[in-house]
Visitor: 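One structure follows; several queries about it will come next.
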Amino acid sequence: MPFAPVLHAELIKIRSLRSLVGSLAAIVLVTAAFSALASASPEENDPDPLFSAFFGIGFGQIAAIAFGTTAVAAEFRGGALRLTLTATPDRPRWFAAKVVAIALPVLVVGLLTGAVTLLVGKAVLGAAGPTWPQGLRGAVGCDLQLTLMALFAAGLTAVLRSGVATLSVLIPFLLTVSFVIGDMSSGIADFLPDRAGQVALHSAWDGPLGPWSGLAVCALWAAAALLAGAWSVSRRDA
Amino acid sequence: MTSIDVRDLTKEYGARRAVDGLSFSVRPGRVTGFLGPNGAGKSTTMRLVLGLDRPTSGTATIGGRAYAALREPLRRVGALLEAGAAHRSRTARDHLRALAASNRVPGARVDAVLERTGLAEVARRRVGTYSLGMRQRLGIAAALLGDPEVILLDEPANGLDPEGIVWIRTLLRGLAADGRTVLVSSHLMNETASFADHLVVLGRGRLLADTSVRQFIDARVQPEVRVRSADAGVLGELLARHGHDAVRHADGAWTVRHARAEQLGHLLAREGVPVLELAYREGTLEQAYLDLTAAEAEFSTQPQEV
């Protein structure tokens with residue numbers, strides 16, 4: 001079977017669910033709003049100008065995760081996957097189409113989020129804000145980070161076959177683990193997907209990962225989750 | 001035309017054999033009823049035919065090819081497995097549009113099947129607002145979407161109102177008359193008798209019968225004649241004298257087994273016995289089915305839904 005019709009079908013599925021469109025809108029709104037709030041009341045001691053502008057990504061990525069999770073979880077309800085796979089029996093191809101259909105809208109919305117957040121951050125922070133080269137790197141990093149987190153969640157959902165299970169693993173993980181060890185620059189934590197990716201949103205870094213190597217680590221996490229998801233979808237009875 | 005061929009099909013879930021060495025064919029041009037109590041393996045067999053589950057051994061093919069090898073399968077095979085397959089927050093139209101897009105089925109087919117299943121007016125409503133019967137119709141619409149020559153429907157009459165039952169009966173007869181291959185599972189006997197030409201009966205994952213509906217009934221249920229006269233006693237003696245196997249009812253009527261109405265009518269006229277009632281009663285699919293399953297010792301020991 002050719003790929004384009006399967007991708008078309010998956011894009012229709014995403015466009016036709018309000019909750020998914022809502023999650024995409026929430027990525028922009030939540031990221032920009034929390035960033036603006038953080039910028040308006042900056043930390044006292046030597047704030048990182050770029051991360052002050054992009055502080056809201058910690059919340060925006062939850063919307064991105066919700067998007068990736070919901071898009072895949074919808075297939076695991078009420079026998080939906082069986083109907084999908086009767087239409088597209090080539091399971092790896094179907095899963096690839098699903099992944100692209102998730103990545104494309106998040107890439108577009110993520111870029112918009114990066115741009116809006118940067119503009120708002122620069123406006124609020126003024127002279128304390130990031131420079132343009134830093135800011136552009138941040139905007140692109142923000143876009144990629146959101147996309148990778150959505151894909152990471154999508155892969156995990158395909159393995160766990162449940163949106164509730166995925167969100168109850170990921171949300172506490174992101175909210176507690178990352179926040180609790182957030183200030184400690186301990187070795188292992190730097191390689192967790194969200195921490196690694198967010199190096200790209202800092203003006204300066206002192207850990208083992210730089211902005212691009214950090215995003216690469218995050219991409220490895222997403223790729224591992226997606227491969228596990230593809231394997232799970234292909235091997236198990238539907 | 002295209003047949004469904006199941007050969008030595010076995011599916012084990014852990015230690016349990018859901019399908020056990022099953023072989024049968026579903027031929028085009030007729031409706032094949034797929035019968036058996038819940039848990040007999042009907043749905044599992046359908047999932048195996050559709051390549052959704054992996055058989056432990058054996059094969060299931062459509063037109064000689066495995067389902068997964070079909071190019072744009074919705075154009076060849078349509079299936080209804082679960083009425084809940086459509087997302088509750090999506091409209092029926094969007095649900096079908098996505099399915100159609102995946103197999104490059106023209107968009108006009110979406111409106112055609114919505115029309116055919118009586119959902120055209122509610123097509124832009126979200127599926128969550130639908131009754132079970134409407135969701136069932138949407139599942140049937142999805143099965144018909146690609147104008148397929150092979151159609152598998154799992155319990156399509158579930159949740160349909162009486163009007164819907166008549167509708168699906170006509171639909172199934174029409175699909176078979178077009179020369180399509182139609183396999184319809186059910187646990188409702190009288191319903192199945194009203195649309196099926198042929199039967200495949202399962203019990204505990206094994207094949208119990210693969211025969212025409214007529215033969216299935218005739219082989220298991222003797223036709224009977226019900227006869228009533230003014231004097232039940234006289235009638236009883238007469239029947240006994242002529243060697244008929246007759247049972248008396250509380251209302252004074254007799255049921256005569258292994259007899260034909262013409263035969264008894266002539267006899268009673270000759271003997272001058274006034275006849276108040278004389279009726280030939282054919283065996284029903286339900287009787288034949290119960291006879292078959294009672295013969296299966298395994299089944300007779302446990303309650304089952306029929």
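Sequence lines set the chain letters: A, B, ... in the order given, protein chains first and strands last, and positions in each chain run from 1.
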Visitor: Report the C-alpha distance between B:Leu81 and A:Leu83 in whole Å, list the side-chain angles of each, state the deciding distance to 0.1 Å, and finish with yes or no for side chain to side chain contact (heavy atoms under 4.5 Å, CB included).
Guide: CA-CA 8 Å; B:Leu81 292 180; A:Leu83 183 61; over 6 Å; no

Visitor: Sequence neighbours left out, cut at 3.5 Å: what donor-acceptor pairs do the side chains of residues 111-120 of chain A make with other protein atoms?
Guide:
residue  : atom : partner  : partner atom : Å
A:Thr113 : OG1  : A:Val109 : O            : 2.7
A:Thr117 : OG1  : A:Thr113 : O            : 2.6

Visitor: When you look at CD of B:Glu115, are more than 12 heavy atoms from neighbouring residues, nucleotides or ligands closer to it than 6.0 Å?
Guide: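 Atom CD in B:Glu115 is not crowded, with 12 or fewer foreign heavy atoms closer than 6.0 Å.
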
Visitor: Using 0.5 Å steps for rounding, measure from the CZ atom of A:Arg77 to the OG atom of B:Ser89.
Guide: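 Nearest 0.5 Å value for the CZ-OG distance: 6.5 Å.
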
Visitor: Could you give the distance from CG (B:Leu74) to OG1 (A:Thr88), rounded to the nearest 0.5 Å?
Guide: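 Going from CG on B:Leu74 over to OG1 on A:Thr88, the span is 7.5 Å.
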
Visitor: Using modelled atom types only, decide if a donor and an acceptor are shared between the side chain of B:Asn103 and the backbone of A:Ala87 within a distance under 3.5 Å.
Guide: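 It does hold such a pair.
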
Visitor: Which bit of A:Arg18 comes within less than 4.5 Å of chain B, counting heavy atoms only: side chain, backbone, both or neither?
Guide: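 For A:Arg18, the side chain is the part near chain B, not the backbone.
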
Visitor: With a cut-off of 6.0 Å (strictly less than), are more than 12 heavy atoms of other residues, nucleotides or ligands near CH2 of B:Trp167?
Guide: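 Counting other residues, nucleotides and ligands, CH2 of B:Trp167 exceeds 12 neighbours.
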
Visitor: Please rank A:Arg91, A:Glu75, A:Glu10 by heavy-atom pairs under 4.5 Å with chain B and give me the top one.
Guide: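 Of the options given, most contacts go to A:Arg91.
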
Visitor: Could you tell me which non-hydrogen atom of A:Gly79 sits nearest to which non-hydrogen atom of B:Glu82, and how far apart they are?
Guide: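 Closest heavy-atom pair between A:Gly79 and B:Glu82: CA-OE1, 3.8 Å.
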
Visitor: For chain A, which residues from residues 121-133 of chain B lie under 4.5 Å away (heavy-atom distances)?
Guide: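 Under the 4.5 Å heavy-atom cut-off, B:Arg126 qualify.
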
Visitor: Who among B:Ala100, B:Gly146, B:Ala68 has the most heavy-atom pairs with chain A under 4.5 Å?
Guide: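 The residue among B:Ala100, B:Gly146, B:Ala68 with the greatest pair count is B:Ala68.
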
Visitor: Quick one: are B:Arg47 and A:Asp237 in side-chain contact, heavy atoms under 4.5 Å?
Guide: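 B:Arg47 does not reach A:Asp237 side chain to side chain.
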
Visitor: Within the 4.5 Å heavy-atom criterion, are B:Arg71 and A:Pro89 side-chain neighbours or not?
Guide: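 With C-beta onward as the side chain, the pair stays apart.
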
Visitor: May I ask you to name which of A:Leu17, A:Asp90, A:Leu81, A:Thr84 has the most heavy-atom pairs under 4.5 Å with chain B?
Guide: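 Option with the greatest count: A:Leu17.
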
Visitor: For residues A:Ser16 and B:Arg97, determine if any side-chain heavy atom of one lies less than 4.5 Å from a side-chain heavy atom of the other.
Guide: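 A:Ser16 does not reach B:Arg97 side chain to side chain.
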
Visitor: I'd like to know if the side chain of B:Asp94 reaches the main chain of A:Lys13, judged simply by a donor and an acceptor atom lying under 3.5 Å from each other, with no hydrogens or angles considered.
Guide: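 Checking the backbone N and O of A:Lys13 against the side chain of B:Asp94, no donor-acceptor pair under 3.5 Å is found.
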
